[in-house]
> 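Before I ask anything, here is the structure I am working with.
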Amino acid sequence: MKAGVDVTPQGARFCVHAPRARAVSLCLLEAGQEVRHPMTQQGAHWTIDLPGLGDGARYAYRAEGAHAPEQGLWFDPAKRLIDPAVTEIDRAYRYDPALGEYGAETGDLMPWGLLRAPLSGQPPAPLFQPGGLIYELNVRGFTMRHPDVPEAERGTVAALAHPSVIAHLTALGVDAVELMPITAWIDERHLPPLGLTNAWGYNPVTFRALDPRLCPGGVAELQATVAALRAAGIGVILDLVFNHTGESDTGGPTLSYRGLDPDVYRTGPHGLVNDTGCGNTVDCARDAVRADILETLRHFARCGVDGFRFDLAPIMGRNADGFSAQAVLFQEMAACPVISSRVLIAEPWDIGPGGYQLGKFPDRWLEWNDAARDDMRRFWRGDVGAGVLATRLAGSSDVFDGAATRSVNFIAAHDGFTLWDMVAHTHKHNHANGEDNRDGHNENISWNNGVEGASDDPRVTAARRQDVKALLGTLFASRGTIMLTAGDEFGRSQQGNNNAYAQDNEITWLDWAGRDLEIEAHAQALGQMRRAHPDLRDLAFLTDETVTWHRPDGGQMRPEDWARRAFAKVLPTIAILVNGTDAPVHFTREDQMVPARSVIMIEGQAG
């Protein structure tokens with residue numbers, strides 16, 4: 001039996017998975033009042049048919065059963081619960097301590113689910129192909145300060161379809177936008193007392209429901225925006241969270257799964273497993289959980305999206321025996337023609353046992369490559385030489401098996417310093433997060449060019465701009481898919497905050513009026529160069545037959561030369577000249593003077 005809602009011209013059939021409940025009621029909002037309809041148990045599911053119920057009806061559930069948190073049971077009839085399969089809700093979640101208190105009525109605190117007919121049909125084939133440029137963005141922060149976007153649309157999914165936004169993406173050569181979570185989330189309970197809210201969305205309640213703050217038009221808004229971007233040749237990738245929910249630890253709120261099917265969360269000898277650092281961990285080895293994940297992916301594919309990035313993805317492949325690339329969920333995804341046709345990207349680490357799995361995901365998956373991130377940073381900080389960087393530019397064959405790389409190369413992402421802050425701060429500055437600067441990574445492989453933080457010294461600013469341009473050049477010259485985070489192409493800053501998840505304000509809202517146009521023009525030129533040259537987008541690992549590496553004097557690199565900081569990567573149609581020294585270097589074969597701390601691309605067959 002399939003959980004969810006089937007809508008027909010005659011009415012609606014509701015089905016929810018709640019195997020350990022003693023009773024479940026469907027709740028409907030009728031004439032401004034909650035009306036409860038007892039459901040019938042059929043094995044692990046509870047069902048009810050209601051004739052005459054149409055699109056847009058507001059509904060939820062309540063469930064009765066044992067309340068024994070020490071045994072992993074949180075049944076509480078005072079809690080109104082959102083359907084795990086819902087795709088739209090009528091208002092955003094708002095944290096309140098009553099949501100986690102047994103016996104406290106929460107009807108006035110919870111949104112209603114909106115009845116929508118499930119999408120059907122075959123989704124279009126993905127536009128995005130591995131090797132292209134992924135542009136990671138936070139939907140709200142991306143357009144909150146965009147002068148061309150109408151004020152009413154700023155911060156929404158619909159704003160991404162604005163002609164000015166599409167023009168910016170096209171000029172940069174973006175092949176797909178990767179949207180940080182747009183599914184409905186709830187604030188972590190420590191944030192409201194600090195006067196803060198979650199700005200990133202990595203704290204979902206259910207897997208499918210769109211957040212009305214970001215997507216007030218619901219599924220139709222998402223579909224329309226995806227269509228507009230596709231018409232411009234730009235795909236859409238959704239960042240999804242299947243590793244935990246906002247119901248958190250034993251003191252967290254009861255919102256959906258916890259009140260219906262608490263076995264969704266893995267438990268161990270000491271209670272809830274916490275492989276996420278968020279208080280709970282979804283058990284992706286369970287049949288019902290996998291069914292929910294698979295249906296979520298099919299739903300968003302039918303919305304037209306190209307693929308998915310999975311947060312803390314090892315959890316999806318972990319069971320009692322540990323992580324496996326042959327996990328049942330991965331096999332089921334591969335067997336589904338809708339899901340297997342999409343782009344699948346893993347964040348290949350979590351904090352659980354065996355949590356670092358870079359290079360270990362199934363063959364078709366792409367993976368965020370933190371080894372590339374760190375080595376590119378180390379080269380420009382001066383820690384390593386050409387040999388280390390060349391491995392990353394060639395596709396990271398030390399990480400990925402086979403004939404082609406599965407790397408998603410990036411230097412900065414939403415989590416950590418921005419690209420500009422990376423060359424302007426040696427230390428994190430997270431005091432605005434209210435945790436006394438304890439949160440966020442302490443080691444960022446960053447440098448400040450002589451001054452910590454903002455500086456009016458033109459020499460410092462010029463040095464930072466040069467470093468950012470060199471880092472961008474390194475990224476765009478690397479083998480594999482590449483990812484750039486929105487705003488890094490024009491020098492965005494978060495004031496040194498490397499964990500800005502709780503800053504829904506001008507710290508994370510892009511400053512379109514204050515863009516560094518020199519950096520932006522450089523990034524645009526790199527993007528168009530990469531788009532025009534298959535050599536830069538090819539995924540095959542570079543070999544002696546497809547690349548030559550040489551010194552500035554034109555001679556081929558010898559073993560002792562790999563400690564150098566200036567070298568050339570020469571492909572059939574383009575040469576990449578890297579000068580990591582503090583003085584200009586003349587490259588003989590290309591007859592090109594490369595400024596200090598620079599990367600230059602030269603088109604055409606190199607000598």
> Between the side chains of Arg309 and Asp239, is the shortest nitrogen-to-carboxylate-oxygen separation below 4.0 Å, so that they form an ion pair?
yes
> Could you check, using the six-membered ring where one of them is a Trp, whether Trp512 and Phe142 have ring centers closer than 6.0 angstrom?
yes
> Does a donor on one side chain sit under 3.5 Å from an acceptor on the other, for Asn433 and Asn497?
yes
> Is the shortest side-chain heavy-atom distance between Thr143 and Val165 below 4.5 Å?
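Yes, close enough: below the 4.5 Å cut-off.
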> Checking the side chain of Gln494 only, and the main-chain atoms of Ala500 only, is there a donor and an acceptor separated by less than 3.5 Å?
no
> Starting from the C-alpha separation in whole Å, work towards a yes-or-no answer on ring-ring contact (aromatic ring centres under 6.0 Å, His included) for Tyr61 and Trp46.
CA-CA 11 Å; Tyr61 296 112; Trp46 298 77; over 10 Å; no
> Between Asp292 and Arg286 (salt bridge meaning N to carboxylate O under 4.0 Å), is one present in this structure?
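Salt bridge absent between Asp292 and Arg286.
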> Would you tell me whether Asn243 and Asp311 have side-chain atoms, one donor and one acceptor, within less than 3.5 Å of each other?
yes
> How close do Arg13 and Asp49 get, heavy atom to heavy atom, and via which atoms?
NH1-OD2, 2.7 Å
> Can a salt bridge be assigned to the pair Asp306 and Arg342 using a cut-off of 4.0 Å between side-chain N and carboxylate O?
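No, no charged N to carboxylate O under 4.0 Å.
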> Report yes if the side chains of Arg208 and Glu295 come closer than 4.5 Å at any heavy-atom pair, otherwise no.
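Side-chain contact under 4.5 Å: yes.
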> Answer with yes or no whether the side chains of Asp370 and Tyr356 bring together a donor and an acceptor at under 3.5 Å.
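There is such a pair between these side chains.
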> Strictly by modelled atom types, are His441 and Asn499 linked by a side-chain donor-acceptor pair under 3.5 Å?
no
> Could you tell me if the side chain of Leu312 sits less than 4.5 Å from the side chain of Asp275, heavy atoms only?
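No, too far: nothing below the 4.5 Å cut-off.
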> Side chains of Asn203 and Asp187 only: does a donor on one sit below 3.5 Å from an acceptor on the other?
no
> Check step by step if side chain to side chain contact (heavy atoms under 4.5 Å, CB included) holds for Phe300 and Leu240.
CA-CA 10 Å; Phe300 283 125; Leu240 298 177; 4.2 Å; yes
> List the steps, then state whether side chain to side chain donor-acceptor pair (under 3.5 Å) holds for Asp504 with Trp200.
CA-CA 8 Å; Asp504 183 16; Trp200 285 355; over 6 Å; no
> Mind checking what makes ring-ring contact (aromatic ring centres under 6.0 Å, His included) contact with Tyr257, not counting sequence neighbours?
Phe207
> Step by step, would you call Thr508 with Asn138 a side chain to side chain contact (heavy atoms under 4.5 Å, CB included)?
CA-CA 9 Å; Thr508 56; Asn138 177 290; over 6 Å; no
> Are Glu64 and Arg62 ion-paired here, with the side-chain N under 4.0 Å from a carboxylate O?
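Answer for the salt bridge query: no.
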> Write out all pairs satisfying ring-ring contact (aromatic ring centres under 6.0 Å, His included) with one or both partners inside residues 13-33, taking only residues at least two apart or from two chains.
Phe14-Tyr59, His17-His45
> So Cys284 and Arg318, do their side chains get closer than 4.5 Å, heavy atoms only?
no
> If you count heavy atoms of other groups shown closer than 6.0 angstrom to CG of Asp55, is the number above 12?
yes
> Is there side-chain contact between Phe242 and Phe308, with at least one heavy-atom pair below 4.5 Å?
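No. Closest side-chain heavy atoms not under 4.5 Å.
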